[in-house]
Amino acid sequence: MSGTPDTDPDKPVLVLFRHDLRVADNGALSAAAKSGKPVVPVFILDEASDKMRPAGGARRWWLHHSLTALSERIGTLGARLVLRSGKTGAVVRALVEETGADLVLWNRRYDQPSIAVDRALKADLNEAGVATRSFSGHLLHEPWELQTSTGSFYKVYTPFSRALFSRGEARAPLSAPKSLRPFEAMVTGAALEDWALLPTKPDWSGGLAQTWAPGETAGHDRLARFLDDILAGYANDRDMPAREGTSRLSPYLAHGEITPFQILHALSSSDFDAPARDVEKFRNEVAWREFSWHLLHHNPDLHTVNFNDRFDGFPWREDADALKRWQTGQTGYPFVDAGMRQLWQTGWMHNRVRMAAASFLIKHLLIDWREGEAWFWDTLVDADPANNPASWQWVAGSGADAAPYFRIFNPILQGRKFDPTGAYVRRFVPELSDVDDKTIHAPDDIAKSGAAVKLGTDYPVPVIDHGAARKRALEAFETTKETE
DNA sequence: TTTTGAGTTGTTCGA
DNA sequence: GTCGAACAACTCAAA
């Protein structure tokens with residue numbers, strides 16, 4: 001894997017783009033540029049290979065715009081992005097035949113289905129006399145390189161993060177290539193519009209477009225703004241959903257428009273002015289993403305299988321009506337409903353509210369965490385194959401280093417504590433806009449306050465009483481404590 | 001091999 | 001209103 005493969009300087013090199021839709025800090029693309037060979041950048045929409053989990057609706061919307069941005073960016077470097085769909089192996093073989101490419105480069109992926117695809121691709125190409133080379137991808141460390149002293153993967157976050165950060169500074173990110181040598185012959189590709197990644201009937205993407213600017217350049221603008229205006233005070237403000245107190249970099253990370261190397265490098269080298277406490281807190285969030293990816297690498301079915309098998313017999317309830325009310329933000333608990341509606345409208349939910357909303361589905365409604373994970377997978381622009389299931393399992397208590405069973409978020413207290421003026425609730429639950437700050441989070445108080453809103457007509461009566469739900473959850477979770 | 005200390009984000013109750 | 005304890009045991013990671 002080291003050194004430059006011995007190839008014909010005038011035969012093209014294929015560069016595969018997958019979830020690394022960027023030109024900067026892109027090892028494969030930089031190597032292609034450096035090789036002096038004609039470059040054929042390719043994006044393959046692969047939902048056909050074995051076990052590939054198709055992107056949800058929100059991610060498809062983002063992908064469309066991100067590919068548009070990437071295509072333009074590559075165009076300015078002198079090359080042309082080719083779009084193809086199908087099984088990765090077959091598509092690449094076809095492209096090699098069409099172009100005469102004798103070298104294929106890509107950045108590594110870390111989930112097992114993708115690893116299997118890439119491993120087979122490498123074997124197949126090498127057998128056909130085509131050289132391949134892969135580069136480190138979107139993680140600070142290859143998952144197989146970070147192990148406990150006994151050689152297993154970390155299952156507890158704190159020692160994991162200690163090990164992660166004790167390895168010294170993350171490498172400096174690569175800058176974008178200045179130019180790419182074009183491949184002159186015509187290579188046919190799909191038209192992005194034909195992939196129908198954007199919703200049409202109905203087009204629900206208006207709120208997403210108002211909220212987000214997908215693409216590499218926008219990601220870096222976002223990082224700059226975060227460092228300049230938001231990082232100072234992050235440790236506290238990140239919990240207040242009415243404020244812009246978080247990085248909002250998650251969708252850019254999920255699509256590989258920005259890398260953790262670029263983020264950590266900026267954190268340690270910039271001349272912004274933020275207290276060490278805030279910087280540390282944010283570095284830990286980056287490390288949590290890394291932790292989730294290492295977990296996924298070692299637990300391929302993280303989105304379907306309990307990490308802790310004591311949960312395998314858990315008495316989940318089937319309740320289509322309650323699930324629907326949760327999904328549509330009609331539970332009758334304003335803080336939860338605001339979060340679910342923010343998700344539906346903007347493709348994103350504030351982290352603090354994600355925990356409260358997830359806890360509500362799992363512990364108040366006793367609905368299987370997989371239902372919630374699937375909903376988030378479909379609706380989040382930052383839906384991530386590792387973060388999403390790892391976080392759901394964390395809330396459920398079945399995950400690695402998970403929340404204890406008796407930690408049941410009280411949606412009323414969470415609202416009062418983290419949205420004390422009710423500004424967040426009012427933004428997404430306009431029915432309650434006239435309810436005052438003191439009562440807006442508690443359904444019982446709203447009913448007694450004399451506010452104009454009529455519960456049961458304008459806004460739903462709570463789907464379940466908090467106290468009763470808490471009691472029921474504690475009893476249900478007793479089942480996970482039985483030892484065989 | 002055994003031991004030891006520790007473990008993201010909370011809530012409730014009673015003093 | 002504030003504060004500490006209880007809510008359980010278990011498993012992990014490292015010495």
Side-chain angles (χ1 to χ4, degrees), chain A residues 146-167 234-241 243 245-247 250 277-292 294-295 298-299 306-312 314 333 335-336 339 349-364 369 386-387 390-419 438 441-442 464-484:
Chain A
L146 206 60
Q147 297 181 334
T148 68
S149 54
T150 56
S152 64
F153 67 93
Y154 283 98
K155 300 172 184 68
V156 180
Y157 170 74
T158 303
F160 172 85
S161 67
R162 274 199 288 264
L164 182 71
F165 290 127
S166 71
R167 298 199 150 202
Y234 173 77
N236 291 324
D237 291 352
R238 65 190 290 271
D239 268 328
M240 311 299 275
R243 286 188 208 159
T246 64
S247 76
S250 55
R277 183 172 107 90
D278 296 320
V279 176
E280 268 318 289
K281 197 77 190 170
F282 184 64
R283 268 161 57 93
N284 270 301
E285 293 307 308
V286 177
W288 265 96
R289 168 184 178 276
E290 191 89 358
F291 183 52
S292 297
H294 285 230
L295 287 175
H298 296 287
N299 301 271
N306 289 310
F307 182 81
N308 180 343
D309 63 14
R310 286 193 168 201
F311 280 74
D312 285 354
F314 191 88
Y333 286 92
F335 195 60
V336 171
M349 196 196 307
H350 188 280
N351 175 254
R352 166 56 55 184
V353 197
R354 288 190 200 199
M355 288 188 287
S359 176
F360 191 85
L361 182 78
I362 293 166
K363 301 195 175 179
H364 285 72
W369 62 263
N387 285 325
S391 300
W392 272 94
Q393 294 222 47
W394 182 84
V395 175
S398 63
D401 213 0
Y405 75 95
F406 53 78
R407 183 175 294 155
I408 298 168
F409 284 68
N410 179 330
I412 300 164
L413 290 185
Q414 288 280 310
R416 285 184 186 145
K417 190 169 173 191
F418 299 112
D419 185 32
K438 291 271 184 291
H441 290 293
I464 190 168
D465 172 70
H466 167 68
R470 177 184 161 79
K471 189 162 173 290
R472 183 175 72 172
L474 288 172
E475 284 163 12
F477 276 82
E478 284 292 318
T479 62
T480 65
K481 297 197 292 192
E482 288 161 15
T483 46
E484 302 80 274

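Not counting sequence neighbours, A:D419 has no partner by the side-chain hydrogen bond (donor to acceptor under 3.5 Å, both in side chains) test.
Side chain of A:D239, nearest nucleotide from B:dT9, C:dC12, B:dG10: B:dT9. In the set B:dT9, B:dT11, C:dC12, B:dT11 carries the atom at the smallest distance from any side-chain atom of A:L413. Checking B:dT9, B:dG7, B:dG10 against every side-chain atom of A:Q414, the shortest atom distance belongs to B:dG10.
Across all strands, A:Q147 comes closer than 4.0 Å to no nucleic acid atom at all (heavy-atom distances).
The nearest whole Å value for the distance from the OH atom in A:Y405 to the P atom in C:dC10 is 12 Å.
For the side chain to side chain contact (heavy atoms under 4.5 Å, CB included) with A:E290, the lone residue among A:L146, A:L295, A:L164 that qualifies is A:L164.
Residue A:N351 has no polar side-chain atom (N or O) positioned under 4.0 Å from OP1 or OP2 of B:dT9. Taking only side-chain nitrogens and oxygens, A:R407 never comes nearer than 4.0 Å to OP1 or OP2 of B:dT11. Of the side-chain N and O atoms in A:Y154, one or more sit less than 4.0 angstrom from OP1 or OP2 of C:dA14.
Between the side chains of A:N306 and A:W369, at least one donor-acceptor pair of N or O atoms lies under 3.5 Å. Between the side chains of A:R243 and A:N236, no donor N or O sits under 3.5 Å from an acceptor N or O.
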